[in-house]
Amino acid sequence: LRNDIERAGELPIAEKAGLCECWPFEDYKNKAVPHIRFPPEMPRRATKSGHVIVKYDVDDEGLPYNISEVSSSSQIFVKPALKAVESWRYLATMDKDDPNFDPDSRKNIVSTITFRLTDGRGRVLPE
């Protein structure tokens, strides 16, 4: 229901009326909250599972930028991990004038991207 109200452009009116405070939304308002996350593509040359730790910022529109690798189990996973984070979307900043607005909550976000490769029997091949 909240998404329908937001799409109709009536979220501020609904919030003022107290209709959209039914879950701990205030805890996430103006913070980097994932909206859409697409999984990374498994590299064709991968022979085992792996991971990449990435760091990035999120702009006011919810787009990740300044995406960089912190560490990885193998360089083969870095490019697909960075590409996946580029496609992610976060909720846009709601109200910069809100006293609870914390711009730092949208900076230096760290995420671990995990790549799980399985054998023909569905068993995960360890890193």
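Being a predicted model, the structure only gives us computed values, none of them experimental.
- Considering every non-hydrogen atom in both E41 and F115, the closest pair reads O-CE2, 3.6 Å.
- No donor-acceptor distance shorter than 3.5 angstrom exists from the side chain of T118 to the backbone of R123, with no hydrogens or angles considered.
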For residues 62-71, dump all side-chain donor-acceptor pairs below 3.5 Å to protein atoms at least two apart in sequence or in another chain.
from, atom 1, to, atom 2, distance (Å)
Y65, OH, K107, NZ, 2.6
N66, ND2, D57, OD2, 2.8
E69, OE2, S72, OG, 3.0

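- The distance from atom CZ of F77 to atom CE of M42, rounded to the nearest 0.5 Å, is 5.5 Å.
- Contact between L117 and A46 at its shortest, heavy atoms only, is CD2-O, 3.5 Å.
- For the pair R106 (side chain) and D59 (backbone), a donor-acceptor distance under 3.5 Å is present.
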I113 vs H51, side chain to side chain contact (heavy atoms under 4.5 Å, CB included): CA-CA, chis, key distance, verdict:
CA-CA 5 Å; I113 314 295; H51 71 276; over 6 Å; no

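- Taking the six-membered ring where tryptophan is involved, the planes of Y56 and Y90 are tilted, since the angle between them lies from 30° to 60°.
- The distance from the OG atom of S73 to the CD atom of E127 is 4.0 Å, given to the nearest 0.5 Å.
- Counting all heavy atoms, side chain and backbone alike, P40 lies closest to P80 at CB-O, 3.8 Å.
- R37 places a side-chain heavy atom less than 4.5 Å from the side chain of S111.
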Take I53 and V110 through the test side chain to side chain contact (heavy atoms under 4.5 Å, CB included) and record every step on the way to the result.
CA-CA 7 Å; I53 299 173; V110 177; 3.5 Å; yes

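- With rounding to the nearest 0.5 Å, the separation of CZ in F38 from NZ in K83 is 12.5 Å.
- When all heavy atoms of T47 and L125 are compared, the pair lying nearest together is O-CD1, 3.8 Å.
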